[in-house]
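Below, each value reflects all heavy atoms present in this structure, side chains not excepted, and no hydrogens, waters or symmetry copies. Labels below follow one simple rule: chain letters A, B, ... track the order of the sequence lines, proteins then strands, and each chain is numbered from 1.
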2 protein chains.
Amino acid sequence: MLHSLRNYINRITSSTISDEEFKYVEAAFKMKTLKKRQFLLHEGSVCKFMSFIINGAMRQYHIDDKGNEHIISFGIEEWWISDRGSFTNLTPSRYNIDAIEDTNLLVTTRDEINSLKERSPLFLKMAHILDENSFIASQKRVEATISYTAEEKFIYLMETNPVFVKRFPQNMLASYLGITPETLSRVRKSLLGK
Amino acid sequence: MLHSLRNYINRITSSTISDEEFKYVEAAFKMKTLKKRQFLLHEGSVCKFMSFIINGAMRQYHIDDKGNEHIISFGIEEWWISDRGSFTNLTPSRYNIDAIEDTNLLVTTRDEINSLKERSPLFLKMAHILDENSFIASQKRVEATISYTAEEKFIYLMETNPVFVKRFPQNMLASYLGITPETLSRVRKSLLGK
DNA sequence: TAGAATTATTGATCTATATCAAGCCATTTT
DNA sequence: AAAATGGCTTGATATAGATCAATAATTCTA
């Protein structure tokens with residue numbers, strides 16, 4: 001289980017973490033198992049964790065006044081999932097996080113993360129690269145949502161995250177793209193024809 | 001000029017940078033002046049700088065096939081402006097960055113930033129907090145663009161960045177929100193009536 | 001300060017996408 | 001195996017917002 005996180009740290013930082021340093025990482029995390037449809041975070045509560053997905057699939061979403069779900073992010077193997085806003089500012093979250101498949105996670109808290117960052121330079125480096133990449137990806141997603149048509153949005157998703165397209169049901173992909181399931185269905189149909 | 005950056009570092013990190021440490025910061029930056037409509041970055045070139053706005057106003061935008069501009073970000077006093085994707089991955093930028101008003105900047109390069117981060121712990125901390133905040137803000141903007149109506153988007157902008165609304169022409173605000181100037185004009189009219 | 005350029009408003013259409021509704025699969029549950 | 005549930009498709013219709021066009025207001029600039 002933990003070797004998945006170890007691989008990830010090595011891959012992201014282009015380094016090799018030592019056994020000694022990795023012991024600190026090990027100590028900071030706890031295993032957690034979620035069955036399909038189980039919640040990790042409910043709207044209104046403060047997100048006190050960061051978690052790393054070992055296997056399975058999750059989503060982070062908001063439910064609006066009309067009861068519509070808007071998916072903010074997906075996570076699968078070797079992705080982090082958390083509400084970063086709530087986590088860093090200790091404000092109540094506007095989001096739910098739940099499992100789309102049975103999922104195994106490594107979970108840690110703010111305090112653990114903070115002391116881990118002091119003890120493991122490589123973990124710290126990983127955290128920064130993660131933030132940097134997250135921002136770059138998010139900014140591209142903003143561009144896609146403000147400039148693209150429904151069809152272009154879906155094509156962009158297939159190009160940037162083909163795994164999501166295979167892994168998540170179409171209605172959730174639609175929600176992630178900010179279009180309706182019906183529109184996505186029609187977009188796919190017309191793309192197949194080409 | 002430099003004291004603006006100094007204030008910023010202190011404010012963001014909730015600390016006070018020492019004279020000695022700040023000397024490294026000073027050494028890493030160069031002043032640059034742009035007249036209204038002058039470019040700092042052209043699409044196609046690699047963004048080799050990060051810059052900090054002392055005063056003035058700037059924008060980062062993409063021009064699509066049809067010639068439509070899509071504004072990715074705005075910057076005014078005490079904001080950073082750069083194409084982070086191009087900057088970190090050394091890939092050609094898809095964006096233009098230009099001045100909306102006469103602007104004074106502090107500019108630095110990748111190499112300078114990297115060695116500065118090694119020499120100044122507080123600058124390093126600032127950089128990380130900046131990334132973290134940028135990601136959180138960008139993720140919220142994603143949510144707004146996928147879930148909100150034109151009116152809600154504008155209200156959200158007024159709430160989160162009222163300065164932008166005062167500072168940038170309406171057609172640019174519309175572009176930033178992913179709606180047309182005509183729609184924004186009508187939205188504003190109907191909001192005034194309320 | 002006049003003329004040019006840019007930006008904002010308003011009205012008349014048009015269109016991409018949403019909404020509503022029904023039926024069909026494919027899984028899961030009993 | 002029947003029933004229930006969740007997801008996907010397809011068709012008919014509605015609508016938010018885009019587009020087109022013209023005018024008005026504002027701000028450059030010579």
Side-chain angles (χ1 to χ4, degrees), chain A residues 35-38 57 59 61 63-71 74 96 98-102 144-158 164-194, chain B residues 34-38 56-57 59 61 63-71 74 98-103 144-158 164-194:
Chain A
K35 278 180 296 179
K36 187 171 173 170
R37 256 158 252 235
Q38 252 191 302
R59 64 172 174 164
Y61 63 102
I63 301 182
D64 68 22
D65 326 323
K66 290 162 205 147
N68 296 317
E69 292 174 0
H70 302 280
I71 295 183
F74 287 127
N96 298 288
D98 67 5
I100 303 304
E101 305 172 4
D102 294 354
T145 51
I146 67 175
S147 352
Y148 293 173
T149 64
E151 179 170 311
E152 288 166 342
K153 284 173 191 174
F154 181 64
I155 292 172
Y156 177 74
L157 179 63
M158 288 194 295
F164 290 171
V165 178
K166 280 170 206 145
R167 201 71 173 271
F168 293 96
Q170 237 169 263
N171 58 349
M172 292 188 193
L173 297 176
S175 163
Y176 179 84
L177 296 173
I179 62 181
T180 60
E182 292 93 331
T183 295
L184 181 53
S185 174
R186 289 186 247 263
V187 161
R188 296 192 67 216
K189 189 180 177 186
S190 99
L191 284 175
L192 284 177
K194 288 178 185 169
Chain B
L34 292 175
K35 277 178 298 178
K36 186 171 175 170
R37 252 159 255 235
Q38 251 191 305
R59 65 173 173 164
Y61 63 102
I63 301 181
D64 68 21
D65 326 324
K66 289 162 205 147
N68 295 318
E69 292 175 2
H70 301 281
I71 295 182
F74 287 128
D98 67 6
I100 303 303
E101 303 173 3
D102 293 354
T103 299
T145 50
I146 67 174
S147 352
Y148 294 172
T149 63
E151 178 171 310
E152 288 166 342
K153 284 174 193 175
F154 181 63
I155 292 171
Y156 177 73
L157 180 63
M158 286 194 297
F164 290 171
V165 179
K166 279 171 207 143
R167 200 72 173 270
F168 294 95
Q170 238 168 262
N171 58 350
M172 292 189 194
L173 297 176
S175 162
Y176 179 85
L177 295 173
I179 63 181
T180 59
E182 292 93 331
T183 295
L184 181 53
S185 174
R186 288 185 248 263
V187 161
R188 297 191 66 217
K189 190 181 177 185
S190 100
L191 283 175
L192 283 178
K194 288 178 187 169

Fill in: Salt-bridge contact B:R37-B:D98 (side-chain N to carboxylate O under 4.0 Å)
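Salt bridge flag = no for B:D98 with B:R37.
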
Item to complete: Measure up the A:Y176 and A:F164 rings against each other and bin them: parallel (under 30°), tilted (30 to 60°), perpendicular (over 60°).
Response: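 Geometry flag for A:F164 against A:Y176: perpendicular rings.
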
Worksheet entry | A:Y148 and A:Y156 aromatic ring geometry - parallel, tilted or perpendicular at 30°/60° bounds |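 Perpendicular: the ring planes of A:Y156 and A:Y148 meet at over 60°.
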
Does [X] place a side-chain N or O at less than 4.0 Å from the phosphate oxygens OP1/OP2 of [N]?
{"X": "B:Q170", "N": "C:dT9", "value": "yes"}
{"X": "A:T149", "N": "C:dA16", "value": "no"}
{"X": "A:S185", "N": "D:dC8", "value": "no"}
{"X": "A:K189", "N": "D:dT10", "value": "yes"}

Worksheet item: Reckon A:I179 touches a base, only the sugar-phosphate, or nothing at all at heavy-atom distances under 4.0 Å?
Response: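 Touches sugar-phosphate only.
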
Discussion item. Students often get this wrong, so: under 4.0 angstrom with heavy atoms, is B:K36 touching a base, only sugar-phosphate, or nothing?
Written reply: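 Sugar-phosphate, no base atom in range.
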
Item to complete: Identify which nucleotide among C:dA21, D:dT19, C:dA8 has an atom closest to any side-chain atom of A:E182, counting heavy atoms from C-beta outward.
Response: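 From the listed options, C:dA21 comes nearest.
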
Fill in: Minimum-distance nucleotide (side-chain atoms of A:T183 versus D:dG17, C:dT9, C:dA18)
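The closest nucleotide is C:dA18.
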
Quick one: [X] [atom1] to [N] [atom2], roughly how many Å, whole number?
{"X": "A:K66", "N": "C:dT19", "atom1": "NZ", "atom2": "P", "answer": "8 Å"}
{"X": "A:L177", "N": "C:dA16", "atom1": "CG", "atom2": "P", "answer": "18 Å"}
{"X": "B:L184", "N": "C:dA8", "atom1": "CG", "atom2": "C1'", "answer": "10 Å"}
{"X": "A:F168", "N": "D:dC8", "atom1": "CZ", "atom2": "P", "answer": "13 Å"}
{"X": "B:R186", "N": "D:dC20", "atom1": "CZ", "atom2": "P", "answer": "14 Å"}
{"X": "B:F154", "N": "D:dG17", "atom1": "CZ", "atom2": "P", "answer": "14 Å"}
{"X": "B:N171", "N": "D:dT26", "atom1": "CG", "atom2": "C1'", "answer": "13 Å"}
{"X": "B:R188", "N": "D:dA25", "atom1": "CZ", "atom2": "P", "answer": "16 Å"}

Discussion item. If you assign each of A:G178 and B:M172 to its closest nucleotide in DNA chain C, which residue comes earlier from the 5' end?
Written reply: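 The answer here is B:M172.
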
Practice prompt. Report yes if some heavy atom in the side chain of B:F74 is under 4.5 Å from a heavy atom in the side chain of B:R167; otherwise report no.
Written response: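 A side-chain contact is absent here, since even the closest heavy-atom pair is not under 4.5 Å.
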
Fill in: Heavy-atom donor-acceptor pair, A:R37 side-chain to D:dG6 base, under 3.5 Å
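Result: no qualifying N/O pair found.
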
Worksheet item: What are the two closest non-hydrogen atoms of B:I146 and A:T145, and how far apart are they?
Response: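 That closest heavy-atom pairing would be CG2-CG2, 3.7 Å.
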
